[in-house]
Structures are given as C-alpha cells and as structure tokens.
There are 2 protein chains.
Amino acid sequence: MAEHAYNPLDSLVFLTNRVGRLLSSDIRKRAGNEVEGLYSTHMGVLVDLWMQDGLRQQDLVSSVIKDKGTIARALENLEKEGIVTRETDEADRRNKRIYLTPKGRNLKTVMLPHALKSMDEALEGMPPEEVAICKKVLQRMYKRLTQKLMHPVPANTTSP
Amino acid sequence: MAEHAYNPLDSLVFLTNRVGRLLSSDIRKRAGNEVEGLYSTHMGVLVDLWMQDGLRQQDLVSSVIKDKGTIARALENLEKEGIVTRETDEADRRNKRIYLTPKGRNLKTVMLPHALKSMDEALEGMPPEEVAICKKVLQRMYKRLTQKLMHPVPANTTSP
DNA sequence: AGGAAGTAGTTGCGTTTGCAACGAAGAACG
DNA sequence: CGTTCTTCGTTGCAAACGCAACTACTTCCT
C-alpha cells in the first residue's frame, strides 16, 4: 500500500536540479547577448576559475562534472574567444593550467548583477535565516558529494 | 573595493546547480545498466510523468526546461523503447497527451531505491529540521520561478 | 636504469541539443 | 463565414556532448 506515496517535489534531487536549471536559464535570459555563444559548460568553467584561477584542466573536469573531452573542447573555444589561456605545467608536463584573461575576469562583473537580481526575485520575502540554513545544508551536501567523487568507496583498505 | 568579495560557494545558483548535477550523476552510477540509454532529459520527463500522468507535450517542455525539439525527440525515443505513448488530444488536436506504459511506471520502482540511498548518504548526520527548511526554501523558489516562466513580466496591463 | 602501471589531455564517432523555419489546428477579429 | 493571429508539435542544421580509443608524460616497482 501507499506504493506511490513518494513525491519528487519533496525530493532534494528534484528540487536542486530544477531550481538550479531555472536560475541558470533565468540569468542567461537576463544577460542576453552579453553571453552569446557561452554554453552552460562554459559558464561552469568560468565560475570555477573565478573562485580560483590557474586550475588544472583535470580539476575542471571533476568540478564541472562533464566529460574530459567536453571540457577540452570547451576550453579550446574559450581560448579562441580570448577568455582563457592554457599553459603546460612545467612541474608536471601532463597537466595544463587554465588562466583567465582580463576579458574572462571582466565577464564576472558582467554576469554578477544579473545573477544577484535573479536570486533576489526568487528569494523575495523569504526569511533570511531560512535561506542561510538552506545554503548551509547545500554546502555540506556539496562538500560530501565532491569528496565521494574524489575517493569513491574505499574498496578494501584492510588488506596488507 | 572588495570587488572580488563575491564567492560562488555562497550562491544558491552555484550550489543548486552543482548539488543537483552531483546527485543525478551519483544516482545514475548506482542504477548502472538499469537505465542504459536514458539521458537526463529522459529522466526529467519521467519524473514529471510520475507526478502526473497524461501531461501535454508542451507541459513537459516548460517543466523540464528544454527545447521543444529536444522534448519531441526524447519522447520519440521513449516511445520506441515502450516507456511512454503519445496520443493526440481530441479536445484540442494541437496537443499531444503523454502517458506512461507499465514499463514506464515500473522504472519508478527501479530508480527510487537508488535515489533514496544517494540522498541518505549525502544528508547523513544533518539535522532533519535543517533539511526540512532547505526543502521549504527550494520549493518556494521553484514555485516562484515556474510562475515567472509562465507569466513573464506583464508588460503594460494598464493600456485599454 | 628499464619496463609496467597510472594519470592528463586529445581526437573520432554517434547521439543529443538548441535554434530557427515550418506546418497544422484552434482562437479572435471583422 | 473568412482572414489573421496565436499555439503546439515537427524537422533541418550546426554545435556540443558522452564514450572510448589513443598519445604524452610521470611514477612505481624490481
């Protein structure tokens, strides 16, 4: 009985996915032609670089949660557009370091107002303390899920 | 000054997007070959239909937040796989109604345990009342953003 | 030191995606 | 009624995506 009791609307899986996409698409609409040609993968890469410049390409793969090839080609395009540069890491020549150009850094100042406006409207009238708790929960989930991605299920650490 | 003060990690835009994608990809890994060939768009469609069967194709377009064409082709594939059926709505022959087949309904019972397990691990040790508040905030955002999508900025309702 | 194993990034291929142009069905106006 | 306007779904096309095979470089092991 009650086999259909589960409602996606009560699920953080559903909610985070939909709200995330709705916010992104709303911001994208606001930005309009300022972000012409910048796909979601590009935006994901940029956000990471805004937090920390000079990341390795591999860092972006795991952070943005897209395929190696997808990131490689996204970076290729971003480089063509003059938004990032790629430099071989001389300390370990397998790695490439990704750096923002001035144009790439400037995109942050372009996007930020739109993002803030979008958030403001979506959160209008909600108690700030509840919003803060929501963020805290999501931050913890983010941290945990990311760690799991890095160290997926230690199989048997008991063997000699 | 402090022009770089803004940190994406403090932003619900970033958090919802990343957590949503991390959860989805984690669930997908758990489900493994049970969902072979089911892309994220397919899953999005299914989740909506699990909530309410017989939706119009257009409802799915706005709810899943993908292009008309993308949804059309996703449904084409799902129909080929015997997961949904499409029927012209005789009341308004422009619309098509989408119905789950038994196989489509059964997929819910296949996916649900994986989703619950994934959530459980991601939320482990967090105070339930904080998780509840997080959900509440996200639900309100979802509702508001969805409404905005349906009624985008009433331009000038004052004219005769 | 030298070969095996592992890691980072690139490339080819088939599928999916978003955009725009299109066709069919209904609604709104005279 | 008939014309125009709007809405819903389909299709062509170029770009992006995920997967898997491949190359370049490093580390580990004997």
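Each chain gets a letter, A, B and so on, in the order its sequence line appears, and its residues count up from 1.
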Identified side chain to side chain contact (heavy atoms under 4.5 Å, CB included) partner of A/Val19 from the options A/Asn17, A/Leu23, A/Thr16: A/Leu23
Once you round it to whole Å, what is the distance between C1' of D/dC17 and CD1 of A/Ile71? 11 Å
By nearest-heavy-atom nucleotide on DNA chain C, the more 5' of A/Asp67 and B/His42 is A/Asp67
A/Met43 has an atom CE; how far is it from atom C1' of D/dA16, in whole Å? 17 Å
With B/Asp89 via side chain to side chain donor-acceptor pair (under 3.5 Å) - residues at least two apart: B/Arg97
Side chain of A/Thr41 only, heavy atoms from C-beta on: which candidate in D/dC17, C/dT17, D/dA16 is closest? D/dC17
Restricting to salt bridge (charged side-chain N to carboxylate O under 4.0 Å, His left out), what partner residues turn up for A/Glu129, sequence neighbours left out? none
Taking only residues two or more places apart in sequence or in another chain, which ones pass salt bridge (charged side-chain N to carboxylate O under 4.0 Å, His left out) with A/Glu79? A/Arg86
In this structure, how many angstroms lie between the P atom of C/dT7 and the CG atom of A/Leu60, rounded? 19 Å
Separation of C/dT16 atom P from B/Glu36 atom CD, nearest Å, is 13 Å
Which residue pairs pass the ring pair (Phe, Tyr, Trp, His ring centres under 6.0 Å) test with at least one member in residues 11-52 of chain B, sequence neighbours excluded? A/Tyr142-B/Phe14
Please list every donor-acceptor pair under 3.5 Å in which a side-chain atom of residues 64-77 of chain B meets a protein atom from a residue at least two apart or in another chain.
unit_1, atom_1, unit_2, atom_2, d
B/Lys66, NZ, B/Thr41, OG1, 3.4
B/Asp67, OD2, B/Gly69, N, 2.8

Measure from the side chain of B/Lys66, starting at C-beta and using heavy atoms only, and say which of D/dG18, C/dT17, C/dC19 lies closest. C/dT17
By nearest-nucleotide position on DNA chain D, the 5'-leaning member of A/Glu90 and B/Thr70 is B/Thr70
For nucleotides 8-10 of chain D, tabulate all protein N/O to nucleotide N/O atom pairs closer than 3.5 Å, reporting atom names and distance.
unit_1, atom_1, unit_2, atom_2, d
D/dC8, O3', B/Arg94, O, 3.4
D/dC8, O3', B/Asn95, OD1, 3.3
D/dG9, OP1, B/Gln57, N, 3.3
D/dG9, OP1, B/Lys96, N, 2.9
D/dG9, OP2, B/Gln58, N, 2.6
D/dG9, N7, B/Lys68, NZ, 3.1
D/dG9, O6, B/Lys68, NZ, 2.7
D/dT10, OP1, B/Arg86, NH1, 3.4
D/dT10, OP1, B/Lys96, NZ, 2.7
D/dT10, OP2, B/Gln57, NE2, 2.8
D/dT10, OP2, B/Arg86, NH1, 3.3

Between A/Glu79 (CD) and C/dG9 (P), how many Å, whole number? 13 Å
Can you check the B/Asn77 CG to D/dT11 C1' distance for me, whole Å? 15 Å
Would you indicate whether A/Glu36, at its atom CD, is surrounded by more than 12 heavy atoms from other residues, nucleotides or ligands within a distance under 6.0 Å? no
Distance in angstrom units between B/Asp89 CG and C/dA24 C1', rounded: 15 Å
If I take atom CG in residue B/Leu38 and atom P in nucleotide C/dT16, what distance separates them, rounded to the nearest angstrom? 11 Å
